[in-house]
Amino acid sequence: MALVDAGVTCSVPRCTRGCRRGALNSLLVDGVIAGAGSVLVFLPQILILFFFILVLEDSGYLPRAATSSTE
């Protein structure tokens, strides 16, 4: 997470140097880069969650737990 956050933080000054202050600069820096950075920070946790769900489905435990909880 720290690596992704550092990459987003490092890319902000590069974009601010390339554009003049204004609506386009604000859209790129505050909107696109900050929004993508917020999503990318949580991507490792989401991938780990999907990996464990995949393991539970392949082992057969997840369907068994689902049917036993409804009864």
Side-chain angles (χ1 to χ4, degrees):
M1 285 187 343
L3 185 63
V4 174
D5 192 32
V8 170
T9 305
C10 181
S11 65
V12 169
R14 290 181 182 173
C15 288
T16 56
R17 279 185 283 156
C19 295
R20 292 181 295 160
R21 287 190 136 344
L24 181 62
N25 185 16
S26 178
L27 175 70
L28 286 175
V29 173
D30 297 332
V32 175
I33 294 176
S38 298
V39 171
L40 288 176
V41 166
F42 290 107
L43 190 62
Q45 287 93 348
I46 293 169
L47 292 177
I48 291 169
L49 175 71
F50 275 108
F51 172 73
F52 282 118
I53 289 173
L54 179 69
V55 168
L56 286 174
E57 282 183 353
D58 285 344
S59 68
Y61 181 74
L62 192 62
R64 185 177 307 124
T67 56
S68 67
S69 68
T70 58
E71 294 176 354

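Counting begins at 1 with the first residue of the sequence.
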Response to the item:
Taken to the nearest 0.5 Å, the spacing of S38 OG from I33 CD1 works out to 11.5 Å
Item to complete: Starting at CG of L56, measure out to CZ of F51 and round the result to the nearest 0.5 Å.
Response: 10.0 Å
Discussion item. When you group the ILVMFWY residues by side-chain heavy-atom contacts below 4.5 Å and let the links chain together, are I48 and V55 in the same group?
Written reply: yes
Worksheet entry | With I53 via side-chain contact (heavy atoms from CB on, under 4.5 Å) - residues at least two apart | L49, E57, L62
